[in-house]
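Just below is one structure, and these are the notes that go with it.
Both ligands and their constituent atoms are indexed starting at 1 by order of listing.
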Amino acid sequence: MINITFPDKSVREYSEGSTGLDIAKSISNSLAREVMSVSVDREIWDLDRKIFKDAEVRFHKFDDAEGKHAFWHSSAHLMAEALEELYPGIKFGIGPAIENGFYYDVDPGDGVQISDLDLPKIEKKMKELASQKEAFTRKEVSKKEALEFFGSKGDEYKLELINDLEDGTISFYSQGHFTDLCRGPHLSDTSAIKAVKLLSVAGAYWRGDEKRKMMTRIYGISFPKQKMLDEYLEMLEKAKERDHRKIGRELELFTFSQRVGQGLPLWLPKGARLRERLENFLKKVQVSYGYQPVITPHIGQKELYVTSGHYEKYGKDSFQPITTPQEGEEFLLKPMNCPHHIEIYRSGQHSYKDLPIRYAEFGTVYRYEQSGELHGLTRVRGFTQDDAHIFCRPDQLKDEFKNVMDIIFTIFKALDFKDYKAQISLRDPDDHTKYIGSDENWEKAERAIIEAAEEKGMNAVVEYGEAAFYGPKLDFMVRDALGREWQLGTIQVDYNLPDRFELEYVGSDNQKHRPVMIHRAPFGSMERFVAVLIEHTAGKFPLWLTPDQIVVMPISEKYEDYAKKVLNFLNNCDIRTLIDDRNEKIGKKIRDNELRRIPYLLIIGEKEQDSGTVSVRRQGEGDKGTMKLEEFAGFIQSEVKQQLEEISK
Ligand SMILES: [Zn+2]
Ligand SMILES: [Zn+2]
């Protein structure tokens, strides 16, 4: 018999060689129906793989990331099987599960093309194969066998992948007539894949190398229920309308220029002011939490990043060093702000009484991303982090964490993110060797994060083995108005950089001690945050933040003078107002300005001119009646004030 331990720490006995599915069945039939894969001692396995020793077991259903992964990965195999039936001789690159769905990179052969028009046919084939309930079976093979199999198929891509693998680690998965090189895990059989949609076809270089073959990448998504697919497709439609690239253009927030370069956003005046308001808002909050501003250059000597270890991480795969013509110095565009802030810390002496020291900077960093990976403001090559580095004593970690969490909550509240959760990433409990820093410090930091989250009433998931080698961290995930999850806001403990830079403070014992560092960025980056905010609000920002708060619309030329008076009056009251004096019907002006997502629309005609009033419409709510001009200004100012007070409560 073997002892199986469940997540709630309860233990049950099973006979040796029981499978994940056997164990699920012993708990309930509904669990057995819904389970997709199983973690056995934190390694994800197929459900039908036999367990021969005592183990900790966790089941994964479609509603968790591991379950979805097995489901979508199996769907990629199913698509490959369908493709092989429809396009004999087709060759396969890689076919992973991704955040939403799966893809497969294929080479259909010379002269054969797969386009969007072919997707329905492939989908149909997939459904037909899925309904045949084909079992996914795993087979461990030697490298020689693996090479022979794909050699006889003439699939040079798989041969290349196998050549990179070590003998003894290779497995095949088969379903129906199709066999793939794969590590797994997979579903038990294809019948769980009830709904499939192939979404698009794109080109992708083999192994991301532009000198190599351009493969055909087919994206798809699948679900265990048709209803889930329908809802997903509906969400995608809505997401398209909210796409930050589209709204960013409509609201004139940002643009890109091929001349300036891909992935390098250009903020237009309205976008720049919006970003400035966000920055000022955070700066104000940070001052109240004891942060001090610093400013550092966009480049740094290569040696700085060699010391920090960033050169090792980014040097080869990112922008290459800049050299000076005469002296042969080497500089890097900064991939991170931390080393600069560390040098500021090192510029003075610090006593235990000075700590924590918190340096904040909206620091712009540059990292190379492949052009195919670039996406609007969410994936760029240059971006500005709302960065700060806290240098503190180990006993101050918990309070610092709580402070940073408070700042993050303030931001979520200000921008109407109501649904969020946190993930705490800790060390792998079975292997402490891969982490830098003493056991004692790690335990202190891990405990500090867990307690801080508890004391703040956060419902946080703890993930073991997810910590970086240099320290544990806490990440926030927000759910937007469409139910999509975004990672925003990180707090990361670091024992590594203080070591590498030999940071010190003088303790109460008059001895030298090493401070702990915390990296934190509540927004993450201004670019990504604004993108998420646009998609969350559909461009309808809160009044305090929105680019244009008011539009004045005279119903005809005759009232333009009074309209301009209104415009000037409001702008002088610091209310962001513009005028729509186009020679258009008022109905059209209302529609156009609602599309521009301006919160308040003022209609100006004879009645208003004569009585010194404005007729007010609120975006999405309609007519709000007539107000004296001064009264309206006061009303707007108090709405903004109230919003800001609400946040700081
Ligand atoms: Zn696979
Ligand atoms: Zn940092």
Side-chain angles (χ1 to χ4, degrees), residues 36-37 44-46 49 66 68-81 92-98 102-105 134-141 146 158 161-162 165 170-176 178-190 193 222 291 294 296 300 304-305 308-310 313-314 334-345 357-365 367 383-392 400 404 468 470-471 473 489-498 500-501 503 515-525:
M36 307 271 158
S37 64
I44 305 175
W45 283 24
D46 298 314
R49 198 160 155 191
E66 293 89 345
K68 281 194 181 78
H69 186 273
F71 194 88
W72 286 333
H73 195 83
S74 303
S75 303
H77 283 241
L78 180 67
M79 179 168 79
E81 185 186 2
F92 296 95
I94 54 161
I98 53 177
F102 56 88
Y103 70 76
Y104 220 123
D105 284 349
E134 297 173 343
F136 286 99
T137 52
R138 178 190 171 89
K139 187 180 161 202
E140 315 229 333
V141 293
K158 293 290 177 190
L161 294 173
I162 296 165
L165 297 173
I170 303 173
S171 55
F172 279 179
Y173 276 84
S174 304
Q175 92 272 10
F178 178 75
T179 294
D180 206 348
L181 167 73
C182 188
R183 222 177 292 140
H186 292 282
L187 304 173
S188 307
D189 64 66
T190 56
I193 305 171
S222 55
Y291 285 73
V294 292
T296 65
L304 176 70
Y305 302 104
S308 70
H310 292 127
K313 184 161 182 238
Y314 295 102
K334 70 176 166 188
M336 291 269 202
N337 299 303
C338 348
H340 290 70
H341 292 184
I342 287 173
E343 286 302 305
I344 293 178
Y345 180 87
I357 289 174
R358 311 174 186 93
Y359 294 138
E361 177 180 20
F362 287 88
T364 305
V365 296
R367 297 177 201 163
F383 53 95
T384 302
Q385 297 178 311
D386 55 324
D387 215 353
H389 294 95
I390 301 169
F391 301 87
C392 67
E400 285 312 300
V404 179
Y470 52 85
K473 63 173 177 169
T490 310
I491 320 176
Q492 167 91 57
V493 179
D494 191 339
Y495 293 113
N496 176 42
L497 288 179
R500 281 178 169 259
F501 284 88
L503 300 187
V516 191
M517 248 179 102
I518 298 173
H519 312 251
R520 44 108 282 181
F523 288 140
S525 81

Let's go through His340 and Glu361 carefully: what are the C-alpha distance in whole Å and the side-chain angles of both, what is the deciding distance for side-chain contact (heavy atoms from CB on, under 4.5 Å) to 0.1 Å, and is it a yes or a no? CA-CA 11 Å; His340 290 70; Glu361 177 180 20; 5.6 Å; no
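- Between Tyr103 and Pro96 there is a side-chain heavy-atom pair separated by less than 4.5 Å.
- Side chains of Lys334 and Thr296: a donor-acceptor N/O pair is present below 3.5 angstrom, by distance only.
- Of all the N, O or S atoms in His186, the one closest to the Zn ion (ligand 1) is NE2.
- Between the NE2 atom of His77 and the SG atom of Cys182, the angle taken at the Zn ion (ligand 1) works out to 130° after rounding to 10°.
- Each protein N/O/S atom under 2.8 Å from the Zn ion (ligand 2) was counted, for a total of 3.
- Between His77 and Tyr173, the two ring planes are perpendicular [angle over 60°; tilted spans 30° to 60°].
- Classification of the His389-Phe391 ring pair by plane angle, with boundaries at 30° and 60°, yields tilted.
- Here CD of Gln385 is found 10.5 Å from CZ of Arg520. Values are rounded to the nearest 0.5 Å.
- The six-membered or imidazole ring of Tyr359 lies away from that of Tyr345, with a centre-to-centre distance of 6.0 Å or more.
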